[in-house]
Amino acid sequence: MRVEIWSDIACPWCYIGKARFEKGLESFEHRADVEVVHRSFELDPGHAKDEVAPVVDMLAAKFGRSRQEAVAMEEQVASHARSEGLGYLVGDRDHGNTFDIHRLLHLAKLRGRQDALLSAVYRVNFAEERSVYDTETLVDLAVEAGLDEAETRVLLGDPDAFADEVRADEREAAELGATGVPFFVLDRRYGVSGGQPAEVFTQALEQAWQGRAITPVGDVEGDGRPKTR
């Protein structure tokens, strides 16, 4: 059975949702028979490529809040991340265009290193004082995940490399009705949206395995907001 996950590395609920899904998958009896594929989704595709700003400033501008209110928003999300054992820095992260990261994730998929790269990028973006929008940091993470450095640099230097694959993922998400992420599609028949609790994912996997239809699970207030970032 294949599970496809549309996400964006700038999305904290995608970071949290990945951890919760993996916990749910661990409790699933047939987990060894599940293939997980990560798909591209840009929450802010119009963001200028070379424009990187502190995430708190972005949130304040986007939602019309004060900087203090934006920090409080981040603290609330951080509490959910930390409850899953994830690191989360508040106020010390960058926000930028994620298209190049998505392109690199497609190369990683081709090389069988997609999950390793995604996990590394999430970790650095949310829990370390490094910017994933810095080319050298991204190259270091690619190498850490098992990709070839020279091949990584060639891809990042060619804006057309895997660009069609990223856009194809995004078109498909729109066709499936996804307006935000994380968005999980199980066996091309069942859907779960948002950073749901682990047990919800386990239940969805069990129902998908049995071939029974499930009602797509929407976001729960305070527990998964695909449109927040």
Side-chain angles (χ1 to χ4, degrees), residues 1-9 11-43 80-81 83-86 98 101-123 125-126 141-142 144-147 162 165-166 168-220 223-226:
M1 183 169 68
R2 172 179 285 191
V3 176
E4 296 162 279
I5 307 173
W6 274 263
S7 62
D8 191 355
I9 69 93
C11 165
W13 285 109
C14 296
Y15 174 50
I16 296 167
K18 183 176 186 294
R20 290 177 174 175
F21 170 77
E22 288 170 352
K23 288 181 181 179
L25 179 62
E26 186 62 29
S27 299
F28 179 52
E29 180 183 0
H30 304 285
R31 58 187 174 276
D33 298 308
V34 176
E35 176 193 12
V36 178
V37 178
H38 298 281
R39 302 286 191 193
S40 300
F41 190 107
E42 295 172 275
L43 284 173
H80 288 282
S83 72
E84 301 298 333
L86 300 172
T98 60
I101 300 172
H102 285 296
R103 294 194 301 112
L104 187 57
L105 283 165
H106 274 276
L107 172 63
K109 177 187 174 185
L110 189 65
R111 300 290 180 251
R113 307 305 302 164
Q114 188 184 47
D115 189 77
L117 178 59
L118 182 60
S119 295
V121 173
Y122 273 143
R123 185 193 76 237
N125 187 53
F126 288 103
L141 293 176
E144 175 188 322
L147 295 180
F162 292 99
E165 286 81 353
V166 174
D169 276 358
E170 294 176 333
R171 284 195 302 271
E172 194 164 16
E175 291 167 1
L176 290 169
T179 58
V181 285
F183 184 62
F184 302 78
V185 176
L186 289 69
D187 209 25
R188 280 291 160 141
R189 291 180 292 174
Y190 314 117
V192 178
S193 64
Q196 302 296 326
E199 56 268 24
V200 171
F201 289 115
T202 302
Q203 180 186 26
L205 287 163
E206 290 170 349
Q207 292 178 325
W209 185 267
Q210 294 165 6
R212 297 200 306 261
I214 63 173
T215 301
V217 182
D219 293 329
V220 177
D223 194 27
R225 294 175 176 270

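The salt bridge (Lys or Arg N to Asp or Glu O under 4.0 Å) test applied to D8 returns no partner, not counting sequence neighbours. Take F184 and apply the ring-ring contact (aromatic ring centres under 6.0 Å, His included) test, not counting sequence neighbours, and it matches F21, F201. Residues that satisfy the side-chain hydrogen bond (donor to acceptor under 3.5 Å, both in side chains) test with E199, not counting sequence neighbours, are absent from this structure. Qualifying salt bridge (Lys or Arg N to Asp or Glu O under 4.0 Å) partners for R188, counting only residues two or more places apart in sequence or in other chains: E4, E172.
Proximity of a side-chain donor or acceptor of R39 to a complementary backbone N or O of D169 within less than 3.5 Å is not detected. Judged by distance alone, with hydrogens and angles left aside, the side-chain atoms of Y190 form a donor-acceptor pair with the main-chain N or O of G211 at under 3.5 Å.
Scanning all heavy atoms of the two residues, the minimum distance from V166 to S40 falls at CG1-CB, 3.8 Å. Across all non-hydrogen atoms, the minimal contact from F162 to H106 is CD2-CB, 3.6 Å. The two residues I9 and F126 have their closest heavy-atom pair at O-CE1, 3.2 Å.
To the nearest 0.5 Å, the span separating SG on C14 from CZ on F183 amounts to 12.5 Å. Distance check, rounded to the nearest 0.5 Å: CD1 of I16 to SG of C11 gives 8.5 Å. Rounding to the nearest 0.5 Å gives a distance of 11.0 Å between CD of Q207 and OG1 of T202. The distance from the CH2 atom of W13 to the CZ atom of R20 is 5.5 Å, given to the nearest 0.5 Å. One finds the CG atom of D187 at 6.0 Å from the CE atom of M1 (value rounded to the nearest 0.5 Å).
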Would L104 and V121 count as a side-chain contact (heavy atoms from CB on, under 4.5 Å) here? Give the steps. CA-CA 11 Å; L104 187 57; V121 173; over 6 Å; no
Report the C-alpha distance between Q203 and Q196 in whole Å, list the side-chain angles of each, state the deciding distance to 0.1 Å, and finish with yes or no for side-chain contact (heavy atoms from CB on, under 4.5 Å). CA-CA 11 Å; Q203 180 186 26; Q196 302 296 326; over 6 Å; no
Check the pair S7, Y122 against side-chain contact (heavy atoms from CB on, under 4.5 Å), reporting the backbone distance first and the verdict last. CA-CA 11 Å; S7 62; Y122 273 143; 3.6 Å; yes
Please assess V185 against W6 for the test side-chain contact (heavy atoms from CB on, under 4.5 Å), listing each intermediate value before the final yes or no. CA-CA 8 Å; V185 176; W6 274 263; 3.7 Å; yes
Report, one line per pair, each donor and acceptor closer than 3.5 Å where one atom sits in a side chain of residues 107-118; sequence neighbours left out.
unit_1 : atom_1 : unit_2 : atom_2 : d
R111   : NE     : E151   : OE1    : 3.2
R111   : NE     : E151   : OE2    : 3.4
R111   : NH2    : E151   : OE2    : 2.5
R113   : NE     : A145   : O      : 2.6
R113   : NH2    : A145   : O      : 3.3
Q114   : OE1    : H38    : N      : 3.1
Q114   : NE2    : H38    : O      : 2.9
D115   : OD1    : K18    : NZ     : 3.2
D115   : OD1    : H38    : NE2    : 3.1

Can you give me every donor-acceptor pair (side chain of residues 23-35, partner residue at least two apart or in another chain, under 3.5 Å) with its distance?
unit_1 : atom_1 : unit_2 : atom_2 : d
K23    : NZ     : E84    : OE1    : 2.8
H30    : NE2    : W209   : NE1    : 3.2
R31    : NH1    : E26    : O      : 3.2
R31    : NH1    : F28    : O      : 3.1
E35    : OE1    : R2     : NE     : 3.1
E35    : OE1    : R2     : NH2    : 3.3
E35    : OE2    : R2     : NH2    : 3.3

